[in-house]
2 protein chains.
Amino acid sequence: MKLEQATIKDIARELNLSASTVSRALKNYPGISSETKRKVKAMAEKLNYRPNAIALSLRHSRSFTIGVIIPEVVHFFFSTVISGIEEEAFSRGYNVILTQTNEKLIREKSSIDTMLSNQIDGVLISYSKETTEFGHFSSLLEKGFPIVFFDRVPEIPKAITVTVDDFGGAYSATKHLLNQGFSRIVHLAGPPNLKISQERLRGYQAALRDHGIEPDPAWVVPCFLGTDQEAQQVTTKLLHSLPQRPDGIFSHNDMTAVGAMMACKAAGLRVPQDVGIVGFSNWQFCSMVDPTLSSVYQPGFEMGVKSTALLLDWIEKKFKPEEADKSVILDTELIVRKSSVR
Amino acid sequence: MKLEQATIKDIARELNLSASTVSRALKNYPGISSETKRKVKAMAEKLNYRPNAIALSLRHSRSFTIGVIIPEVVHFFFSTVISGIEEEAFSRGYNVILTQTNEKLIREKSSIDTMLSNQIDGVLISYSKETTEFGHFSSLLEKGFPIVFFDRVPEIPKAITVTVDDFGGAYSATKHLLNQGFSRIVHLAGPPNLKISQERLRGYQAALRDHGIEPDPAWVVPCFLGTDQEAQQVTTKLLHSLPQRPDGIFSHNDMTAVGAMMACKAAGLRVPQDVGIVGFSNWQFCSMVDPTLSSVYQPGFEMGVKSTALLLDWIEKKFKPEEADKSVILDTELIVRKSSVR
DNA sequence: AAAGCCTATTCAAACGTTTGCAGTTATCCA
DNA sequence: TGGATAACTGCAAACGTTTGAATAGGCTTT
């Protein structure tokens, strides 16, 4: 940009000093007379001097910028996480550069490439649904480059990850339905290559078993797109195809839960009297649908804060990744609303 | 970062060439023998050379990075816009650095500051609710620094802006309610310092007038927070306080529309038979509430793409801002659902 | 065989900072 | 008064890249 920003040299020229003196004066180095410091600072103020972060980056091979790679911004959960990342990074003096992969592996790889050539100090990643092998991550990790994974985390030994307790959330959601007297509970499941989907499924199954019910594979139905339309179709079919009509639905996300709810209503079933429903994520709209939707709250903001804190600690060498397992699992919380209480 | 990336000098050393030759060879300058070019490229490949974007930025005083300043990421509309920005910037080889202000003026100013010291090439802004004077923008604009405003745009002469047709959207929403036979229509209004709020109010009033109804100021009720709770309270009070019960609600956003809907239901009124409701933005959940909510669609993604395209064109000097009025108003579209049709 | 001219390459400065080291004063003490 | 010491300040290189100008050969031309 043309934007003629004043530089250290400008200050030096104005005051007949050398650039080094000005630099030191600005940073309060000892060995610079207080008179000079005063004059330099005054002139800096006058010229509205701002250090050139690019030059600093070049000098220090540090950019004070972290990269964030996520599947999609337009996603309540992810935007909450971003908000937390932003907050922590900002308060510690870092910038955030953001790219979304739109769930494409190629874009994931090219994002990492451009970020590296921009000398970012580290990166936060939640990988795409297409990603099934993790070579592009582990090669960087081996070189000691700081990466923290959040939400969708790979099976790489020693990788630093921040997740929520998907198992626990699913367990208590299912348990809650059972306690309310629902017993024929289906699970609308997410993409099986994501660990979060696996965990939620496991939690569902564990709760059933602990209640003396052997989970039936036919009662786990795929909803991999995760949209309300898909769930609506799937549920409608479900209500007619199963020998016994389900009376409970635990869904791997809120959109699908709402889709299921719409399908039930359309089929003349009452929620929660005839069918109890619980979702996952606790999106804003849970309290806006009718009946209001019970859901498992995931602390997205905290997840952003925590993973950023870990990344920056690593970057700033406050710990060595091999030293201790720093991975974090955040608690979920079941928010009970009307859709599951009869 | 330690991450020992190979540099031009490394390639030069390996091949006993000078850095300048390597640089030129990589860029296919004429005057470099094709034999040398071949060798250089092979070596670059072998060492996995990636140009150092920081050094390039310093050299060219261009960072190929644009800044985005928005009030909040966790906002369906804004995250859609971000998605569009991302898309356009990425495809034209730019990075996006993002900050949110949380609706605070101080953070708006400090964001601009840090972005400037990071040598960004230009900035996209949707300003905070607190911002009432625009000195921090106009001083930059006068220096020729590229800024494009979107959605929330200031009253600065010649500022380049991208907005949606708020007036038209509000007009057709209100008109639609009138056509459906609703006539005592209230407006839940947004913060009056935002032009979008003013425009939506104006559109509402114009539609009433064109229908022979003189707008009554008492029927415009402030909902400045824009949350569903606020709207629920406000609406409940409204239903009891006005001499004649309203039979239509046009709300400045979707959350408040849903809040109003809940209040109506709680008061025993049927939607849409007794009260017709239309929102603004067409958030995802419009089709998930019961009854589904009519709303005015705002093309968020397009807004992101368009404003980024304008900004990059400006940065790349494809036009001079003083030459022509490049501002853009995107069309809105009324999406009619059940909440407003009887 | 000298002058001219390509061609291929290198030199060196620049972008804005930081920082180890060296240099210049003034001040103090003997 | 000379030398040591302290207190300031300046020099120059470095980070990785680009680029105008300079240079070194080799080849043509007359």
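Source: prediction; values computed, not measured. For the numbers below, each heavy atom of this structure counts, side chains included, while hydrogens, waters and symmetry mates do not.
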From CG of B:L15 over to P of C:dA8, roughly how many Å is that when rounded to an integer?
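In whole Å, C:dA8 P lies 17 Å from B:L15 CG.
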Name the orientation class of the two ring planes belonging to A:F64 and A:Y94 (parallel below 30°, tilted from 30 to 60°, perpendicular beyond 60°).
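Geometry flag for A:Y94 against A:F64: tilted rings.
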Please work out whether the ring planes of B:Y127 and B:F137 are parallel, tilted or perpendicular, with thresholds of 30° and 60°.
tilted
Tell me whether A:R152 forms a cation-pi arrangement with A:F149, defined as NZ or CZ under 6.0 Å from the six-membered ring centre and within 45 degrees of its axis.
no
Name the nucleic acid region contacted by B:D10, choosing base, sugar-phosphate or nothing; use a 4.0 angstrom heavy-atom cut-off, strictly under.
nothing
At 4.0 Å (heavy atoms only), tell me whether B:L17 reaches a base, stays on the sugar-phosphate, or touches nothing.
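Sugar-phosphate contact only - B:L17 comes under 4.0 Å of backbone atoms but never of a base.
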So does B:R107 pair up with A:E87, basic N to acidic O under 4.0 Å?
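Salt bridge: yes.
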Salt-bridge present (A:K109, A:E130; N to O < 4.0 Å)
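Between A:E130 and A:K109 there is no salt bridge, as every charged N stays at least 4.0 Å from the carboxylate O atoms.
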Has A:S33 got a side-chain N or O lying under 4.0 Å from the OP1 or OP2 atom of D:dT9?
yes
Working to the nearest 0.5 angstrom, can you tell me the gap between B:I70 CD1 and B:L124 CG?
10.5 Å
Straight-line distance of A:T161 OG1 to A:K326 NZ, nearest 0.5 Å:
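One gets 13.0 Å once the value is rounded to the nearest 0.5 Å.
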For the helix from C:dA1-D:dT30 to C:dA30-D:dT1, what angle separates the axis at the start from the axis at the finish, each from five pairs, in steps of 10°?
70°
Mind listing the side-chain donor-acceptor pairs of residues 12-20 of chain B below 3.5 Å, one per line with the distance, residues two or more places apart or on another chain?
from, atom 1, to, atom 2, distance (Å)
B:R13, NH2, B:D10, OD1, 2.9
B:S18, OG, B:S20, OG, 3.2
B:S18, OG, B:T21, N, 3.3
B:S18, OG, B:T21, OG1, 3.0

The contact string for nucleotides 14-24 of chain D, one letter per nucleotide 5' to 3', using protein heavy atoms under 4.0 Å with B, S and - for base, sugar-phosphate only and none, comes out as BBBBBBBB---
